Amino acid sequence: MNRTLLVAFLRQRFTSPMRVGLLLIVTVFPLGAAILANDLAPLAGPASAIALILSAGAIGQDVSSGTLQLLLVRPVSRPSVLLHRWLASVIAAVGITLVLLLLATLALLAHKTQPNALDLVRMVLEAACSAAGSAAVMVMLSTLVGGIGDVGLFVAAMIVTQMFSGLAMLEHWGALARACNEVQGVLSPQLSWAWILHGTPPSWFAITSWASTVTLALAVGIARFNRRELSYAAG
Amino acid sequence: MPAIVVENLVKTYARGLGRVTALAGVSLTFEPGETVGIIGPNGAGKTTLLGCLLGFLRPDSGKLSIEGRAVDDLGVRAATGYLPERLVLDRWMSGIAFMHYHHALAGLPEATRERDCRELLDRVGLDREAGFRRVGRYSRGMLQRLALAQALLGNPRFLYLDEPISGVDPAGIVTFREILSGLSAHGATVIINSHQLAEVERVCHRVVFVKQGKVEAMDTTRAGASHARVLRVRLSTEQPVPATDRLAAIAADAGATFRGWTAPDARFAVADDAGATRLLAALLAAGVAVTEASPEEGRLERLFTGAPAPPAGSAA
């Protein structure tokens with residue numbers, strides 16, 4: 001593992017005021033809700049949003065600015081750069097989620113509420129999986145367009161999927177509703193770990209689906225990044 | 001064995017419905033220890049050639065190899081330095097942090113990181129205070145120096161410099177010349193893409209003139225071929241100027257060759273600096289009123305504009 005690539009990417013992300021502002025928005029409100037409700041449930045969502053914010057423009061932004069050229073003259077491969085940026089986003093998203101869960105747990109304990117240890121483990125694992133999935137999709141999208149155009153692609157895909165999903169519900173088109181569900185699953189891959197609470201066997205289908213989506217997103221991202229031309233003369 | 005081989009390189013870009021040819025079958029070799037200038041008008045294909053050599057662009061056809069390996073071989077990259085024309089550096093880092101970052105990326109030993117980076121910053125003329133300043137607050141000249149310092153990390157064997165002295169003050173240009181001279185002596189192959197023709201002529205051994213995606217001409221510069229030096233000697237017009245036969249005879253006695261006369265300048269081909277000194281001593285000893293002598297400038301400008309060379313001889 002190349003620690004330099006991980007640290008440099010995270011430092012770049014956390015020195016962006018806009019990104020830090022967005023991170024505050026997606027973390028402070030769920031934390032406040034969890035404390036007020038005396039329940040950890042509101043903290044189930046932020047990991048995916050944190051990963052999206054951190055990984056947005058992971059490749060495209062540096063391609064557009066030109067800073068990636070100097071990096072790629074060094075003895076680091078393009079797949080390595082992409083995978084380290086994905087990994088850095090996941091590590092940071094999980095780290096921030098852990099801090100949120102810790103703060104919320106302390107608040108619950110102060111209110112004499114004992115959180116379920118297994119439920120905490122489940123939340124951490126689900127946060128890690130959703131962060132890994134969202135970051136993989138966003139990194140893949142960032143190899144397709146310059147700047148933070150990946151955010152636009154992601155939002156547009158979500159809106160279109162939601163519209164078709166609504167249409168499918170109104171018209172009772174089962175096939176379209178199923179297709180929309182699948183697309184949403186690809187755009188925001190998640191994996192439930194609730195089985196550890198119930199003592200039931202894990203769903204290997206769900207695990208395989210999540211893992212294949214993440215792998216596919218990263219593979220497409222690597223293939224696209226490898227073919228991407230970097231000189232400004234390329235237009 | 002050449003350090004870098006370019007064979008029949010073709011590169012086109014998609015533009016609208018068609019394609020534009022940037023490189024139309026370029027073939028070149030670059031030797032170890034050679035400093036080569038690539039010159040040509042805007043849009044000639046210079047940056048595209050550099051992009052292909054650095055692995056940023058994929059050629060349509062042709063062959064590129066560096067010490068027999070592919071351009072994107074990680075071993076080649078470990079021995080490569082690059083100074084881009086567009087100085088888009090990581091603005092959020094300090095100068096020294098930027099150097100540390102590239103030192104680590106280059107896979108150089110951590111134990112020597114601080115020392116190596118400080119030495120290089122000193123070498124390009126950036127002091128300690130500048131090292132702690134954020135890159136976003138650097139002037140154009142400071143950015144150029146910092147980019148040069150990072151390009152020199154690890155003593156690269158292949159150095160690509162895109163407009164290296166753009167925005168640099170005279171002191172920086174002198175530093176740049178000294179650094180290039182040292183690199184060449186250590187066997188590094190340096191490729192310079194520049195519009196600063198006088199500087200290219202001064203520091204390069206060879207120059208490649210690219211036009212419309214093709215190598216139009218290759219020429220040895222003053223620095224690369226001592227035998228091709230031409231000395232322009234200005235004679236006083238207040239005294240009678242010797243006949244051209246007389247000037248030719250004095251030059252021949254001093255081991256030089258008389259190349260022509262265009263009032264008030266006489267042109268002589270000399271072997272080297274010592275030859276120039278002998279010629280000037282002979283002219284003065286013969287009573288010729290010399291007011292000024294300088295190496296001939298403008299050979300590259302003529303190459304660039306396609307203007308003919310000055311006549312080899314003419315009447316006095």
Side-chain angles (χ1 to χ4, degrees), chain A residues 1-21 54 57-85 88 92 143 146-147 222-235, chain B residues 11 13-15 20 22-23 43 45-52 54-59 71-93 97-98 100-108 110 134-136 147 150-151 153-154 156 158-160 162:
Chain A
M1 191 186 295
N2 189 329
R3 200 170 62 88
T4 306
L5 285 176
L6 287 178
V7 173
F9 181 68
L10 287 178
R11 283 188 63 188
Q12 182 203 45
R13 302 279 117 171
F14 285 108
T15 49
S16 159
M18 181 181 282
R19 246 177 253 274
V20 172
L54 290 174
I59 302 295
Q61 214 170 355
D62 283 1
V63 169
S64 297
S65 73
T67 53
L68 207 56
Q69 294 188 3
L70 270 188
L71 170 58
L72 291 177
V73 166
R74 299 296 172 197
V76 286
S77 66
R78 293 187 186 203
S80 173
V81 170
L82 183 139
L83 290 174
H84 277 89
R85 291 186 169 198
T143 62
I222 288 170
R224 174 65 192 140
F225 189 27
N226 273 337
R227 291 190 58 80
R228 182 126 194 199
E229 297 200 310
L230 293 177
S231 172
Y232 56 83
Chain B
K11 173 69 189 167
Y13 296 117
R15 286 286 182 273
V20 174
L23 295 175
K46 308 183 299 293
T47 301
T48 298
L49 178 59
L50 228 57
C52 291
L54 285 159
F56 298 155
L57 300 173
R58 282 173 292 107
V71 291
D72 55 358
D73 182 285
L74 295 188
V76 168
R77 288 214 202 141
T80 298
Y82 170 51
L83 187 160
E85 181 186 7
R86 289 171 70 201
L87 296 173
V88 206
L89 312 182
D90 299 272
R91 297 169 59 84
W92 50 275
M93 291 187 189
F98 177 77
H100 282 191
Y101 172 54
H102 278 276
H103 193 278
L105 287 175
L108 299 169
E110 194 171 353
R134 271 182 53 162
V135 172
Q150 69 77 31
L153 278 166
F158 316 104
L159 187 61
Y160 303 90
D162 204 349

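Chain identifiers are assigned alphabetically (A, B, ...) following the order of the sequence lines, protein sequences preceding nucleic acid strands; residue numbering begins at 1 within each chain. If you're wondering where the values come from, they're calculated on a predicted model, not measured in any experiment.
For B/Phe98, the part sitting under 4.5 Å from any heavy atom of chain A is the side chain, from C-beta outward, and nothing else. With a threshold of 4.5 angstrom between heavy atoms, A/Arg227 approaches chain B through its backbone and through its side chain. In this structure, chain B has a heavy atom under 4.5 Å from the side chain of A/Thr15, while its backbone stays farther away.
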Review point. Run the side chain to side chain contact (heavy atoms under 4.5 Å, CB included) check on B/Tyr101 and A/Leu70 step by step: do they pass?
Key: CA-CA 11 Å; B/Tyr101 172 54; A/Leu70 270 188; over 6 Å; no
Practice item. Would you sort out whether B/Gln150 and A/Val73 count as a side chain to side chain contact (heavy atoms under 4.5 Å, CB included), showing the intermediate values? Key: CA-CA 11 Å; B/Gln150 69 77 31; A/Val73 166; over 6 Å; no
Check your understanding: Would B/Leu89 and A/Thr67 count as a side chain to side chain contact (heavy atoms under 4.5 Å, CB included) if you check the C-alpha gap in whole Å, the side-chain angles of each, and the deciding distance to 0.1 Å?
Key -> CA-CA 6 Å; B/Leu89 312 182; A/Thr67 53; 5.9 Å; no
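You'll find the side chain of B/Arg58 stays beyond 4.5 Å of the side chain of A/Asn226, heavy atoms only.
Of the N and O atoms on the side chains of B/Arg91 and A/Gln12, not one donor lies less than 3.5 Å from an acceptor on the other residue.
Residue A/Arg11 places its CZ atom among 12 or fewer non-hydrogen atoms of other residues, nucleotides or ligands, all under 6.0 Å distant.
Highest contact tally toward chain B, considering only A/Ser77, A/Ser65, A/Gly66, is held by A/Ser65 [criterion: heavy-atom pairs under 4.5 Å]. If you tally non-hydrogen atom pairs under 4.5 Å between each of B/Ala97, B/Ala78, B/Gly75, B/Gly51 and chain A, the highest count goes to B/Ala78.
Side-chain N or O atoms of B/Arg77 include one that pairs as donor or acceptor with a backbone N or O of A/Val76 at under 3.5 Å. Not one N or O on the side chain of A/Glu229 forms a donor-acceptor pair closer than 3.5 Å with the backbone of B/Phe56.
Taking CG of A/Leu5 as the reference point, atom CG of B/Leu105 lies at 5.5 Å (rounded to 0.5 Å). To the nearest 0.5 angstrom, A/Arg228 atom CZ is 12.5 Å from B/Leu57 atom CG.
When all heavy atoms are compared, the tightest approach of A/Leu71 to B/His102 is N-CE1, 4.4 Å.
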